[in-house]
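Shown next, in structure tokens, is the structure this report addresses.
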2 protein chains.
Amino acid sequence: MLCELLDGRSYTNKELASAAGVTPPTATAHLQLLQSAGLVVAERRGRCVFHRLTSAEVAHALEQLASIAPSDALHQAQRRKAGALAPLRSCYDHFAGPLAVAMTDRFLSRGMLIERNGGFDIQPDDVWQKLGVELPHTVGKQPFARPCMDWTERRLHISGPLGRQLLSHALDIGWVKRQTVRRGLVLTMPGRVAFQQILGLDTHAVGAESAAS
Amino acid sequence: MLCELLDGRSYTNKELASAAGVTPPTATAHLQLLQSAGLVVAERRGRCVFHRLTSAEVAHALEQLASIAPSDALHQAQRRKAGALAPLRSCYDHFAGPLAVAMTDRFLSRGMLIERNGGFDIQPDDVWQKLGVELPHTVGKQPFARPCMDWTERRLHISGPLGRQLLSHALDIGWVKRQTVRRGLVLTMPGRVAFQQILGLDTHAVGAESAAS
DNA sequence: GTGATCGTTCGCTCATCATCGAAGCGATTG
DNA sequence: CAATCGCTTCGATGATGAGCGAACGATCAC
């Protein structure tokens, strides 16, 4: 269930039950456990109850666990999934995978972001607006952009409010679409053009309907 | 048991059994589980068997879990411990806590380390030798210095081979000593002098035999 | 060799908890 | 209002596995 929720979206009891291969009552019991442990939060909308991870910290901890988990038969299915969605995916609420790393590198080399003691300082630039990012008016206590270690790439990419804005804008405007496979994203043609024009990113290897097993 | 092992040291079956409040047979069974899960490794020396965490990755994942764990009664004891050892401690095999963060800042501001894409590039400097650090002769694939997020400070400090060398040298030369309380380190007078002279660090608030509960 | 210490194996017990079917509740649809 | 759908509660069951004491093997001290 937690792996299912790692994409940052909300799922209903029924969806999580079928994902875990159990009946709804069992899923209810388990989700109550997760909720009392503070790992997930539930939100009632109509007759449906949507569950999602509490915070990016929880997602991060899960990723850490996944990175040290042995590859026994139980996790084989999850691993296969993870392999299939390698090139471009979402990590909780922001981009992950090679494209996310490439974007981050580009921001850094252009001076739009500056690395400082494990955080990112954002610099004003009109490119941000093109990417749908609204710069913070006030300098809050929470960092606007935070680094997130990608455990397949072993490189940093952007999480925090900035990462959230980048992904949600890309989804809104249709640059990327959610794949049916969990956590997978597929780059659309407008998205390819946009990333090429705005950032000069070569997206030839990203988001193609992968045939790799 | 895992919390006990977080200081990077090896512990015997008996020690871990008493730390967990169970009998040796139970500890044996549990440690075999942890071993088959790849979390710990066992090493036989004489009639004793020493258990330690498999890697820094495991330690890191545990820290991540601790950072999202709710503070219910079960973990109260651990929390109290964590509170007591705040100023200076070890994280698996390297320094942690405010002093570690201050050291890292000093290395960065002096240009001895350069932050780059989530890693640290080390620069030649004769100060390294004074700190007991042997610079790597070949540029290996594994980064020599890696950042480690301290979940109490929420700042980066140094792990990896560099962090390991810094701590082991400081222990060897008597700059710091292991506290009886787990993971705690206490700064000795020579250590104070050394950090002041070599790095200009003010250590007035660090390592004093804390009276805080 | 003898005794002490440490760890493991064995067999057993007991509590816990995951799981399910059936029934109940609330919301939506017609 | 009636029917449907989704989620939860309830009660019962069954299996898992944590835990212990006792016995055994291995190592060290004298």
>> What is the separation between atom CD on B:E43 and atom P on C:dG7, rounded to the nearest whole Å?
In response: 14 Å
> Would you call the rings of A:H169 and A:W175 parallel, tilted or perpendicular, where under 30° means parallel and over 60° means perpendicular?
Replying inline: perpendicular
>> Below 30° counts as parallel, above 60° as perpendicular, anything between as tilted: where do the rings of B:H94 and B:H157 land?
In response: tilted
> Would you call the rings of A:F95 and A:F195 parallel, tilted or perpendicular if under 30° counts as parallel and over 60° as perpendicular?
Replying inline: perpendicular
> To the nearest Å, how far apart are B:L16 CG and C:dT8 C1'?
Replying inline: 15 Å
> Under 3.5 Å, is there an N or O donor on one side and an acceptor on the other linking the side chain of A:R47 and the base of D:dC5?
Replying inline: yes
> Rounded to whole angstrom units, what separation is found between the OH atom of A:Y11 and the C1' atom of D:dG6?
Replying inline: 19 Å
>> I want to check one thing: is the phosphate of C:dT8, taken as OP1 and OP2, less than 4.0 Å away from some side-chain N or O of B:T28?
In response: yes
> Roughly how many Å is it from NE2 in A:H30 to C1' in D:dT8, rounded to a whole number?
Replying inline: 17 Å
> Rounded to the nearest Å, what distance is computed from the CD atom of residue B:E15 to the P atom of nucleotide C:dC6?
Replying inline: 10 Å
> Rounded to the nearest Å, what distance is computed from the CG atom of residue A:N13 to the C1' atom of nucleotide C:dA27?
Replying inline: 16 Å
>> Return whichever of B:G46 or B:L33 has its heavy-atom-nearest nucleotide of DNA chain D closer to the 5' end.
In response: B:L33
> Has B:R45 got its NZ or CZ under 6.0 Å from the middle of the six-membered ring of B:F50, at an angle within 45 degrees of the ring axis?
Replying inline: yes
>> On the nucleotide D:dG19, are OP1 or OP2 found under 4.0 Å from the side-chain N or O atoms that B:T23 carries?
In response: no
>> Which is more 5' along DNA chain C, the nucleotide nearest B:T12 or the one nearest A:P24? Just name the residue.
In response: B:T12
> Are OP1 or OP2 of D:dC20 and a side-chain N or O of B:T26 less than 4.0 angstrom apart?
Replying inline: yes
>> Around atom CD of A:Q35, are there more than 12 heavy atoms from other residues, nucleotides or ligands closer than 6.0 Å?
In response: yes
> Could you give the CZ-to-C1' distance, from B:F50 to C:dC6, as a whole number of Å?
Replying inline: 11 Å
> Between A:R44 and B:Q32, which is nearer to the 5' end of DNA chain C once each is assigned its nearest nucleotide?
Replying inline: B:Q32
> To the nearest angstrom, how far is B:K14 atom NZ from D:dA26 atom P?
Replying inline: 21 Å
